[in-house]
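Each remark here refers to the structure printed beneath this line.
Scope of the values below: all heavy atoms of this structure, side chains included, with no hydrogens, waters or symmetry mates. Just so you know, ligand 1 is whichever comes first in the structure, and atom 1 is the first atom listed for that ligand.
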Amino acid sequence: MRRRGTAINLTNKAVSRRTMLAGAAAFTFASWLEGCRASVPPHHAPAMDIGGSNSLRYHAAAQQLLFGCAVNAKALREDAAYAHLIRQQCSILVPENCLKWKAVEPEQGRFRFEDADAVVAFAEKNKIKMRGHTLVWHEALPDWVERGLTPTDARAWMTAHIQNVAGRYSGRMHSWDVVNEAIAPRDGRPDGLRDSVWLRTLGPEYIEIALRAARAADPAALLTYNDWGLDDEAAESEERRRAVLTLMRRLRQRNVPIDAVGIQGHLYVPNQRGYGAGLRRFLAALRELDLQVFVTEMDVDDSRALTDEAARDAAVAQEIGAFLDTALPDPAVRAVLTWGLTTHYTWLKERYKNPATRGLPFDDTLQPTGGFAAIRDAFDRRKILAAKPQQVAPLTPIRKWR
Ligand code: 9MR
(Lines give C-alpha, C1' and ligand atoms only; values in the text may rest on other atoms or scores of the structure.)
Protein backbone atom coordinates (compact mmCIF):
# COMPACT_ATOMS: atom_id res chain seq x y z
CA MET A 1 0.00 0.00 0.00
CA ARG A 2 1.84 3.05 -1.16
CA ARG A 3 0.38 6.50 -0.90
CA ARG A 4 1.70 9.42 -2.83
CA GLY A 5 3.71 11.81 -0.71
CA THR A 6 3.66 9.65 2.44
CA ALA A 7 6.75 9.48 4.58
CA ILE A 8 9.32 6.74 4.18
CA ASN A 9 10.43 5.39 7.51
CA LEU A 10 14.02 4.31 7.04
CA THR A 11 15.78 5.16 10.22
CA ASN A 12 12.82 5.41 12.56
CA LYS A 13 12.79 9.07 11.57
CA ALA A 14 10.28 10.05 8.92
CA VAL A 15 12.06 11.14 5.74
CA SER A 16 9.98 12.52 2.89
CA ARG A 17 10.30 10.88 -0.50
CA ARG A 18 11.38 14.18 -2.08
CA THR A 19 14.17 14.79 0.48
CA MET A 20 15.45 11.32 -0.16
CA LEU A 21 15.52 11.71 -3.91
CA ALA A 22 17.27 15.07 -3.67
CA GLY A 23 19.98 13.63 -1.48
CA ALA A 24 20.35 10.45 -3.43
CA ALA A 25 23.27 11.64 -5.51
CA ALA A 26 25.21 12.67 -2.43
CA PHE A 27 25.86 9.18 -1.15
CA THR A 28 26.40 5.77 -2.64
CA PHE A 29 24.00 2.87 -2.58
CA ALA A 30 26.46 0.98 -0.36
CA SER A 31 26.56 3.68 2.28
CA TRP A 32 22.76 3.95 2.19
CA LEU A 33 22.42 0.21 2.68
CA GLU A 34 24.88 0.34 5.56
CA GLY A 35 22.82 3.07 7.20
CA CYS A 36 19.65 1.03 6.89
CA ARG A 37 21.32 -2.03 8.37
CA ALA A 38 22.50 -0.06 11.34
CA SER A 39 19.05 1.23 12.20
CA VAL A 40 16.43 -1.29 11.14
CA PRO A 41 16.46 -5.05 10.93
CA PRO A 42 16.75 -6.72 7.49
CA HIS A 43 13.82 -6.82 4.99
CA HIS A 44 12.62 -3.68 3.27
CA ALA A 45 11.82 -0.63 5.31
CA PRO A 46 8.11 0.22 5.11
CA ALA A 47 7.11 2.68 2.40
CA MET A 48 4.59 4.43 4.64
CA ASP A 49 5.01 5.57 8.19
CA ILE A 50 3.58 2.84 10.39
CA GLY A 51 5.41 3.29 13.69
CA GLY A 52 4.44 5.06 16.92
CA SER A 53 1.24 7.04 16.54
CA ASN A 54 0.76 5.51 13.08
CA SER A 55 0.78 1.91 14.33
CA LEU A 56 -2.19 -0.42 14.61
CA ARG A 57 -1.75 -0.71 18.38
CA TYR A 58 -1.88 3.06 18.77
CA HIS A 59 -4.98 3.50 16.61
CA ALA A 60 -6.63 0.58 18.44
CA ALA A 61 -5.82 2.05 21.86
CA ALA A 62 -7.43 5.35 20.86
CA GLN A 63 -10.68 3.34 20.53
CA GLN A 64 -10.22 1.30 23.72
CA LEU A 65 -9.16 -1.73 21.73
CA LEU A 66 -6.20 -4.05 21.78
CA PHE A 67 -4.61 -4.99 18.47
CA GLY A 68 -2.44 -8.03 18.03
CA CYS A 69 -1.72 -11.18 16.09
CA ALA A 70 -0.93 -14.87 16.24
CA VAL A 71 2.80 -15.24 16.56
CA ASN A 72 5.11 -17.85 15.09
CA ALA A 73 7.49 -18.78 17.92
CA LYS A 74 10.36 -19.88 15.67
CA ALA A 75 10.19 -16.73 13.55
CA LEU A 76 10.11 -14.60 16.66
CA ARG A 77 13.43 -16.17 17.67
CA GLU A 78 15.10 -16.04 14.29
CA ASP A 79 13.71 -13.07 12.36
CA ALA A 80 14.62 -9.74 13.93
CA ALA A 81 12.57 -7.70 11.45
CA TYR A 82 9.48 -9.72 12.27
CA ALA A 83 10.06 -9.29 16.01
CA HIS A 84 10.53 -5.56 15.45
CA LEU A 85 7.23 -5.34 13.56
CA ILE A 86 5.39 -7.18 16.31
CA ARG A 87 6.77 -4.87 18.99
CA GLN A 88 5.77 -1.90 16.87
CA GLN A 89 2.22 -2.99 15.99
CA CYS A 90 0.87 -5.23 18.74
CA SER A 91 -0.54 -4.76 22.21
CA ILE A 92 -1.63 -8.42 22.49
CA LEU A 93 -0.20 -11.69 21.15
CA VAL A 94 -1.33 -15.29 20.89
CA PRO A 95 0.98 -18.17 20.01
CA GLU A 96 -0.19 -19.71 16.74
CA ASN A 97 0.70 -23.31 17.57
CA CYS A 98 3.08 -23.83 20.48
CA LEU A 99 0.41 -24.00 23.20
CA LYS A 100 -1.70 -26.58 21.40
CA TRP A 101 -1.92 -29.94 23.15
CA LYS A 102 0.16 -31.77 20.56
CA ALA A 103 2.95 -29.20 20.81
CA VAL A 104 2.95 -28.66 24.54
CA GLU A 105 2.28 -32.20 25.86
CA PRO A 106 3.43 -34.54 23.08
CA GLU A 107 3.75 -37.41 25.56
CA GLN A 108 1.61 -37.79 28.62
CA GLY A 109 3.00 -35.71 31.47
CA ARG A 110 6.02 -34.55 29.47
CA PHE A 111 5.60 -30.87 28.70
CA ARG A 112 7.50 -28.72 26.25
CA PHE A 113 7.18 -25.15 27.33
CA GLU A 114 10.32 -23.69 25.70
CA ASP A 115 8.57 -21.99 22.78
CA ALA A 116 5.61 -20.70 24.78
CA ASP A 117 7.90 -19.51 27.57
CA ALA A 118 9.91 -17.55 25.03
CA VAL A 119 6.81 -15.93 23.52
CA VAL A 120 5.47 -15.01 26.97
CA ALA A 121 8.87 -13.60 27.99
CA PHE A 122 9.00 -11.53 24.79
CA ALA A 123 5.51 -10.20 25.46
CA GLU A 124 6.27 -9.31 29.06
CA LYS A 125 9.54 -7.64 28.17
CA ASN A 126 7.70 -5.48 25.65
CA LYS A 127 4.60 -4.88 27.78
CA ILE A 128 2.39 -6.78 25.36
CA LYS A 129 -0.57 -8.78 26.68
CA MET A 130 -0.85 -12.51 26.00
CA ARG A 131 -3.68 -14.82 25.06
CA GLY A 132 -3.40 -18.57 25.44
CA HIS A 133 -4.57 -20.83 22.60
CA THR A 134 -5.97 -23.43 23.08
CA LEU A 135 -6.71 -25.89 25.90
CA VAL A 136 -9.47 -28.13 24.52
CA TRP A 137 -9.87 -28.68 20.78
CA HIS A 138 -10.62 -31.70 18.62
CA GLU A 139 -7.57 -30.93 16.46
CA ALA A 140 -3.85 -30.81 17.22
CA LEU A 141 -4.18 -33.63 19.72
CA PRO A 142 -1.24 -35.97 20.32
CA ASP A 143 -1.71 -39.61 19.38
CA TRP A 144 -1.70 -40.74 22.99
CA VAL A 145 -4.85 -38.74 23.69
CA GLU A 146 -6.72 -39.81 20.58
CA ARG A 147 -5.74 -43.44 20.98
CA GLY A 148 -6.55 -43.97 24.62
CA LEU A 149 -9.56 -41.86 25.51
CA THR A 150 -12.00 -43.48 27.89
CA PRO A 151 -14.48 -41.36 29.88
CA THR A 152 -12.45 -41.65 33.09
CA ASP A 153 -9.16 -40.90 31.39
CA ALA A 154 -10.61 -38.09 29.32
CA ARG A 155 -11.74 -36.21 32.39
CA ALA A 156 -8.52 -36.78 34.32
CA TRP A 157 -6.23 -36.05 31.37
CA MET A 158 -8.07 -32.91 30.34
CA THR A 159 -8.08 -31.56 33.88
CA ALA A 160 -4.39 -32.35 34.40
CA HIS A 161 -3.49 -30.80 31.05
CA ILE A 162 -5.33 -27.60 31.92
CA GLN A 163 -3.84 -27.46 35.43
CA ASN A 164 -0.34 -27.84 34.00
CA VAL A 165 -0.60 -25.56 30.98
CA ALA A 166 -2.88 -22.77 32.20
CA GLY A 167 -1.37 -23.13 35.67
CA ARG A 168 2.14 -22.48 34.39
CA TYR A 169 1.17 -19.02 33.13
CA SER A 170 -1.29 -18.23 35.90
CA GLY A 171 -1.71 -14.50 36.41
CA ARG A 172 0.18 -13.69 33.22
CA MET A 173 -2.51 -14.30 30.57
CA HIS A 174 -5.02 -11.69 29.50
CA SER A 175 -7.27 -14.52 28.28
CA TRP A 176 -7.35 -18.19 27.33
CA ASP A 177 -9.16 -19.90 24.48
CA VAL A 178 -10.34 -22.66 26.77
CA VAL A 179 -12.62 -24.45 24.32
CA ASN A 180 -12.11 -24.11 20.58
CA GLU A 181 -14.54 -24.85 17.75
CA ALA A 182 -17.09 -26.94 19.65
CA ILE A 183 -19.99 -25.96 17.38
CA ALA A 184 -20.86 -27.83 14.17
CA PRO A 185 -24.58 -27.68 13.36
CA ARG A 186 -23.90 -29.86 10.33
CA ASP A 187 -23.20 -32.76 12.67
CA GLY A 188 -26.95 -32.81 13.25
CA ARG A 189 -27.28 -32.56 17.03
CA PRO A 190 -30.16 -30.41 18.27
CA ASP A 191 -27.77 -28.37 20.45
CA GLY A 192 -25.47 -27.70 17.48
CA LEU A 193 -22.43 -29.18 19.25
CA ARG A 194 -19.71 -30.83 17.21
CA ASP A 195 -19.53 -34.59 17.29
CA SER A 196 -15.93 -34.48 18.51
CA VAL A 197 -13.79 -36.94 20.38
CA TRP A 198 -14.44 -34.93 23.58
CA LEU A 199 -18.20 -34.91 23.11
CA ARG A 200 -18.29 -38.62 22.34
CA THR A 201 -16.25 -39.44 25.41
CA LEU A 202 -17.59 -37.02 28.01
CA GLY A 203 -20.82 -35.67 26.55
CA PRO A 204 -21.58 -31.94 26.37
CA GLU A 205 -20.32 -31.59 29.93
CA TYR A 206 -16.73 -31.55 28.64
CA ILE A 207 -17.08 -27.82 28.01
CA GLU A 208 -18.06 -27.18 31.58
CA ILE A 209 -15.27 -29.41 32.94
CA ALA A 210 -12.71 -27.50 30.87
CA LEU A 211 -13.94 -24.06 31.91
CA ARG A 212 -14.03 -24.93 35.60
CA ALA A 213 -10.53 -26.38 35.43
CA ALA A 214 -9.26 -23.29 33.62
CA ARG A 215 -10.75 -20.95 36.22
CA ALA A 216 -9.08 -22.97 38.98
CA ALA A 217 -5.74 -22.96 37.15
CA ASP A 218 -5.68 -19.26 36.27
CA PRO A 219 -8.35 -17.26 38.10
CA ALA A 220 -7.29 -13.97 36.47
CA ALA A 221 -7.50 -14.97 32.79
CA LEU A 222 -10.63 -14.14 30.80
CA LEU A 223 -12.00 -17.54 29.85
CA THR A 224 -12.98 -17.56 26.20
CA TYR A 225 -15.02 -19.77 23.91
CA ASN A 226 -13.54 -19.40 20.40
CA ASP A 227 -15.07 -20.36 17.04
CA TRP A 228 -15.18 -19.64 13.29
CA GLY A 229 -18.04 -19.01 10.88
CA LEU A 230 -19.79 -16.46 13.10
CA ASP A 231 -19.35 -13.36 11.01
CA ASP A 232 -21.25 -13.02 7.75
CA GLU A 233 -24.93 -13.10 6.80
CA ALA A 234 -24.94 -16.64 5.41
CA ALA A 235 -27.69 -18.89 6.79
CA GLU A 236 -25.07 -21.28 8.15
CA SER A 237 -23.33 -18.49 10.05
CA GLU A 238 -26.65 -17.53 11.64
CA GLU A 239 -27.17 -21.15 12.65
CA ARG A 240 -23.70 -21.24 14.18
CA ARG A 241 -24.30 -17.98 16.07
CA ARG A 242 -27.55 -19.37 17.42
CA ALA A 243 -25.77 -22.51 18.66
CA VAL A 244 -23.07 -20.41 20.36
CA LEU A 245 -25.70 -18.29 22.09
CA THR A 246 -27.56 -21.39 23.23
CA LEU A 247 -24.32 -22.74 24.68
CA MET A 248 -23.49 -19.45 26.40
CA ARG A 249 -26.94 -19.27 27.98
CA ARG A 250 -26.62 -22.80 29.31
CA LEU A 251 -23.23 -22.02 30.77
CA ARG A 252 -24.60 -18.92 32.48
CA GLN A 253 -27.60 -20.83 33.83
CA ARG A 254 -25.27 -23.42 35.31
CA ASN A 255 -22.90 -20.84 36.78
CA VAL A 256 -20.02 -22.09 34.69
CA PRO A 257 -17.17 -19.55 34.50
CA ILE A 258 -17.04 -17.93 31.05
CA ASP A 259 -15.99 -14.36 30.25
CA ALA A 260 -15.68 -13.95 26.52
CA VAL A 261 -16.42 -15.23 23.04
CA GLY A 262 -13.77 -15.25 20.33
CA ILE A 263 -15.05 -14.56 16.84
CA GLN A 264 -12.23 -15.92 14.71
CA GLY A 265 -12.96 -13.83 11.62
CA HIS A 266 -11.44 -16.03 8.92
CA LEU A 267 -12.86 -14.01 6.02
CA TYR A 268 -12.71 -14.71 2.30
CA VAL A 269 -13.16 -12.87 -0.97
CA PRO A 270 -15.27 -12.69 -2.98
CA ASN A 271 -18.07 -13.01 -0.42
CA GLN A 272 -21.49 -11.76 -1.50
CA ARG A 273 -23.09 -12.43 1.91
CA GLY A 274 -21.85 -9.28 3.60
CA TYR A 275 -22.02 -8.40 7.30
CA GLY A 276 -25.00 -6.93 9.07
CA ALA A 277 -27.97 -7.53 11.31
CA GLY A 278 -27.07 -11.12 12.21
CA LEU A 279 -23.65 -10.21 13.56
CA ARG A 280 -24.98 -7.09 15.29
CA ARG A 281 -27.71 -9.07 17.06
CA PHE A 282 -25.19 -11.71 18.09
CA LEU A 283 -22.87 -9.11 19.61
CA ALA A 284 -25.72 -7.45 21.47
CA ALA A 285 -26.89 -10.81 22.81
CA LEU A 286 -23.39 -11.68 24.02
CA ARG A 287 -23.13 -8.30 25.69
CA GLU A 288 -26.43 -8.87 27.47
CA LEU A 289 -24.95 -12.08 28.81
CA ASP A 290 -22.11 -9.93 30.12
CA LEU A 291 -19.57 -11.48 27.80
CA GLN A 292 -16.68 -9.66 26.17
CA VAL A 293 -15.90 -10.30 22.52
CA PHE A 294 -12.52 -10.63 20.85
CA VAL A 295 -11.91 -10.89 17.12
CA THR A 296 -9.28 -13.56 17.51
CA GLU A 297 -8.01 -14.82 14.15
CA MET A 298 -8.83 -12.35 11.41
CA ASP A 299 -7.35 -12.96 7.96
CA VAL A 300 -8.69 -13.06 4.40
CA ASP A 301 -8.51 -16.02 2.04
CA ASP A 302 -8.01 -14.33 -1.33
CA SER A 303 -7.22 -17.53 -3.24
CA ARG A 304 -10.25 -17.01 -5.47
CA ALA A 305 -9.29 -13.44 -6.31
CA LEU A 306 -7.38 -14.31 -9.46
CA THR A 307 -6.20 -10.78 -10.02
CA ASP A 308 -3.13 -8.63 -9.53
CA GLU A 309 -1.75 -7.34 -6.27
CA ALA A 310 -3.61 -4.03 -6.27
CA ALA A 311 -6.94 -5.73 -6.95
CA ARG A 312 -6.31 -8.26 -4.17
CA ASP A 313 -5.41 -5.44 -1.79
CA ALA A 314 -8.60 -3.61 -2.65
CA ALA A 315 -10.75 -6.73 -2.20
CA VAL A 316 -9.12 -7.66 1.12
CA ALA A 317 -9.41 -4.08 2.37
CA GLN A 318 -13.07 -3.88 1.41
CA GLU A 319 -13.88 -7.15 3.19
CA ILE A 320 -12.03 -6.24 6.38
CA GLY A 321 -13.61 -2.78 6.40
CA ALA A 322 -17.13 -4.19 5.99
CA PHE A 323 -16.61 -6.77 8.76
CA LEU A 324 -14.99 -4.41 11.26
CA ASP A 325 -17.47 -1.61 10.59
CA THR A 326 -20.23 -4.04 11.60
CA ALA A 327 -18.47 -5.49 14.64
CA LEU A 328 -16.58 -2.59 16.19
CA PRO A 329 -19.48 -0.33 17.18
CA ASP A 330 -20.51 -2.87 19.81
CA PRO A 331 -18.87 -2.04 23.14
CA ALA A 332 -18.50 -5.77 23.89
CA VAL A 333 -15.67 -5.91 21.34
CA ARG A 334 -12.37 -5.32 23.14
CA ALA A 335 -9.65 -6.71 20.89
CA VAL A 336 -8.82 -7.47 17.27
CA LEU A 337 -6.13 -10.02 16.45
CA THR A 338 -5.06 -11.16 13.01
CA TRP A 339 -3.98 -14.77 12.44
CA GLY A 340 -0.41 -13.87 11.62
CA LEU A 341 0.97 -10.42 10.94
CA THR A 342 2.80 -10.91 7.66
CA THR A 343 2.04 -13.18 4.71
CA HIS A 344 5.63 -14.38 5.06
CA TYR A 345 4.36 -16.58 7.90
CA THR A 346 0.81 -17.68 7.31
CA TRP A 347 -1.22 -20.86 7.13
CA LEU A 348 -3.20 -19.28 4.23
CA LYS A 349 -0.52 -20.03 1.64
CA GLU A 350 -0.44 -23.74 2.26
CA ARG A 351 -4.06 -24.26 3.13
CA TYR A 352 -5.41 -22.48 0.04
CA LYS A 353 -2.39 -23.12 -2.22
CA ASN A 354 -2.07 -19.38 -2.59
CA PRO A 355 1.52 -18.11 -2.41
CA ALA A 356 0.43 -14.65 -3.60
CA THR A 357 -1.98 -14.03 -0.73
CA ARG A 358 -2.45 -10.45 0.52
CA GLY A 359 -4.72 -11.54 3.35
CA LEU A 360 -2.82 -10.05 6.31
CA PRO A 361 -1.73 -6.52 7.32
CA PHE A 362 1.83 -7.01 6.06
CA ASP A 363 3.16 -8.74 2.98
CA ASP A 364 6.14 -11.06 2.46
CA THR A 365 8.63 -8.20 2.65
CA LEU A 366 6.90 -6.65 5.67
CA GLN A 367 5.36 -3.84 3.66
CA PRO A 368 1.89 -2.79 4.81
CA THR A 369 -0.90 -4.16 2.60
CA GLY A 370 -4.38 -2.91 1.81
CA GLY A 371 -5.43 -4.87 4.90
CA PHE A 372 -3.20 -2.74 7.14
CA ALA A 373 -4.85 0.48 6.00
CA ALA A 374 -8.30 -1.09 6.21
CA ILE A 375 -7.81 -2.15 9.84
CA ARG A 376 -6.38 1.19 10.87
CA ASP A 377 -9.12 3.14 9.11
CA ALA A 378 -11.81 0.93 10.64
CA PHE A 379 -10.37 1.60 14.11
CA ASP A 380 -10.48 5.32 13.38
CA ARG A 381 -14.12 5.10 12.30
CA ARG A 382 -15.21 3.24 15.45
CA LYS A 383 -18.26 4.82 17.02
CA ILE A 384 -19.18 2.84 20.07
CA LEU A 385 -22.91 2.25 20.50
CA ALA A 386 -24.45 3.27 23.78
CA ALA A 387 -24.54 0.06 25.80
CA LYS A 388 -28.30 0.03 26.26
CA PRO A 389 -30.29 -3.18 25.97
CA GLN A 390 -30.83 -4.09 22.33
CA GLN A 391 -33.59 -5.84 20.49
CA VAL A 392 -32.28 -9.37 20.44
CA ALA A 393 -33.49 -12.14 18.17
CA PRO A 394 -35.33 -14.92 19.99
CA LEU A 395 -32.93 -17.68 20.91
CA THR A 396 -33.31 -21.37 20.33
CA PRO A 397 -35.25 -22.71 23.32
CA ILE A 398 -32.99 -23.91 26.09
CA ARG A 399 -32.80 -27.68 26.15
CA LYS A 400 -31.79 -29.86 29.01
CA TRP A 401 -28.04 -29.98 29.38
CA ARG A 402 -27.82 -33.76 29.23
O1 9MR B 1 -2.44 -21.63 11.68
C2 9MR B 1 -2.46 -22.88 12.33
C3 9MR B 1 -1.67 -23.91 11.53
O4 9MR B 1 -0.31 -23.54 11.46
C5 9MR B 1 -1.83 -25.28 12.17
O6 9MR B 1 -1.21 -26.25 11.35
C7 9MR B 1 -3.29 -25.62 12.37
C8 9MR B 1 -3.48 -26.94 13.12
O9 9MR B 1 -2.98 -26.85 14.43
O10 9MR B 1 -3.95 -24.60 13.10
C11 9MR B 1 -3.89 -23.33 12.50
O12 9MR B 1 -4.55 -22.40 13.32
C13 9MR B 1 -5.96 -22.60 13.50
C14 9MR B 1 -6.32 -22.19 14.91
O15 9MR B 1 -5.52 -22.86 15.83
C16 9MR B 1 -7.79 -22.43 15.20
N17 9MR B 1 -8.63 -21.79 14.23
C18 9MR B 1 -8.29 -22.03 12.82
C19 9MR B 1 -6.80 -21.72 12.58
C20 9MR B 1 -6.46 -21.88 11.11
O21 9MR B 1 -6.65 -23.21 10.70
Side-chain angles (χ1 to χ4, degrees), residues 68-79 82 86 90 92-106 112 115-116 119 130-146 161-162 165-166 173 175-184 186 194 196-198 207 210 214 223-232 236-237 240-241 243-244 260-268 293-303 316 323 335-355 357 359-362 364 371:
C69 70
V71 64
N72 176 316
K74 183 168 184 284
L76 192 67
R77 250 189 334 263
E78 296 173 358
D79 184 341
Y82 171 71
I86 284 180
C90 297
I92 187 162
L93 288 179
V94 58
E96 182 172 0
N97 286 315
C98 66
L99 276 174
K100 290 174 182 171
W101 199 319
K102 192 175 190 158
V104 82
E105 194 185 4
R112 282 196 185 158
D115 279 354
V119 175
M130 279 293 306
R131 312 195 69 239
H133 174 88
T134 177
L135 295 167
V136 177
W137 191 24
H138 60 283
E139 284 187 39
L141 288 171
D143 289 346
W144 65 268
V145 172
E146 297 220 50
H161 179 77
I162 292 172
V165 179
M173 289 287 184
S175 48
W176 260 107
D177 288 335
V178 180
V179 176
N180 199 39
E181 302 175 3
I183 297 296
R186 280 186 195 184
R194 179 185 297 278
S196 73
V197 63
W198 296 114
I207 296 171
L223 306 184
T224 308
Y225 173 73
N226 190 47
D227 216 327
W228 54 269
L230 302 172
D231 19 67
D232 69 15
E236 191 181 348
S237 305
R240 296 176 58 83
R241 287 191 284 261
V244 172
V261 167
I263 294 180
Q264 292 185 5
H266 290 290
L267 313 179
Y268 59 94
V293 174
F294 313 129
V295 174
T296 49
E297 306 187 10
M298 190 174 71
D299 58 13
V300 185
D301 163 21
D302 58 349
S303 59
V316 166
F323 169 56
V336 174
L337 293 94
T338 47
W339 201 243
L341 192 59
T342 146
T343 55
H344 193 54
Y345 307 110
T346 173
W347 74 297
L348 289 171
K349 286 187 179 177
E350 212 176 301
R351 171 66 180 76
Y352 298 106
K353 302 193 177 29
N354 181 20
T357 182
L360 283 169
F362 292 88
D364 288 5

Within-cut-off N or O pair, Trp347 and ligand 1, under 3.5 Å
no
Report the nearest protein non-hydrogen atom to atom 9 (O) of ligand 1: residue, atom name, distance rounded to 0.1 Å.
Lys100 NZ, 3.0 Å
Passing candidate, side-chain hydrogen bond (donor to acceptor under 3.5 Å, both in side chains) with Thr296, options Asn226, Thr338, Thr134
Asn226
Any salt bridge linking Lys74 with Asp115? Criterion: basic side-chain nitrogen under 4.0 Å from a carboxylate oxygen.
no
Between Ile162, Val104, Leu223, which is the residue that forms a side chain to side chain contact (heavy atoms under 4.5 Å, CB included) with Leu135?
Ile162
Nearest protein heavy atom with distance in Å, relative to atom 16 (C) of ligand 1
Glu181 OE2, 3.3 Å
Ion pair Glu236/Arg186, N-O distance below 4.0 Å:
yes
Does even one non-hydrogen atom of Trp339 get within less than 4.0 Å of ligand 1?
yes
Using a strict 4.0 Å cut-off to heavy atoms of Gln264, name the atoms of ligand 1 that fall inside it.
17 (N), 18 (C)
Is there a nitrogen or oxygen of Trp137 sitting under 3.5 Å from a nitrogen or oxygen of ligand 1?
no
Within-shell test, Lys102 vs ligand 1, heavy atom, strictly < 4.0 Å
no
Decide whether the shortest distance between a heavy atom of Arg351 and an atom of ligand 1 is less than 4.0 Å.
no
For the residue pair Asn72 / Tyr82, report whether a side-chain donor-acceptor contact shorter than 3.5 Å exists.
no
How far is atom 6 (O) of ligand 1 from the closest protein heavy atom, and which atom is that?
Asn97 OD1, 4.4 Å
State which residue, out of Lys349, Arg351, Glu350, fulfils the side chain to side chain contact (heavy atoms under 4.5 Å, CB included) condition with Trp347.
Arg351
Got a donor-acceptor contact below 3.5 angstrom from the Arg112 side chain to the Ala103 backbone?
no
Counting only nitrogen or oxygen atoms and a 3.5 angstrom limit, does Glu297 reach ligand 1?
yes
So which of Ile263, Asp231, Val336, Leu337 actually passes side chain to side chain contact (heavy atoms under 4.5 Å, CB included) with Met298?
Val336
Would you check the N or O atoms of Asn180, main chain and side chain alike, for any that come under 3.5 Å of an N or O of ligand 1?
no
Are Asn354 and Asp301 linked by a side-chain donor-acceptor pair shorter than 3.5 Å?
no
Any idea which atoms of ligand 1 are less than 4.0 Å away from a heavy-atom of His266?
18 (C), 19 (C)
Students should be able to answer this: which protein heavy-atom is nearest to atom 1 (O) of ligand 1, and at what distance?
Glu96 OE2, 2.4 Å
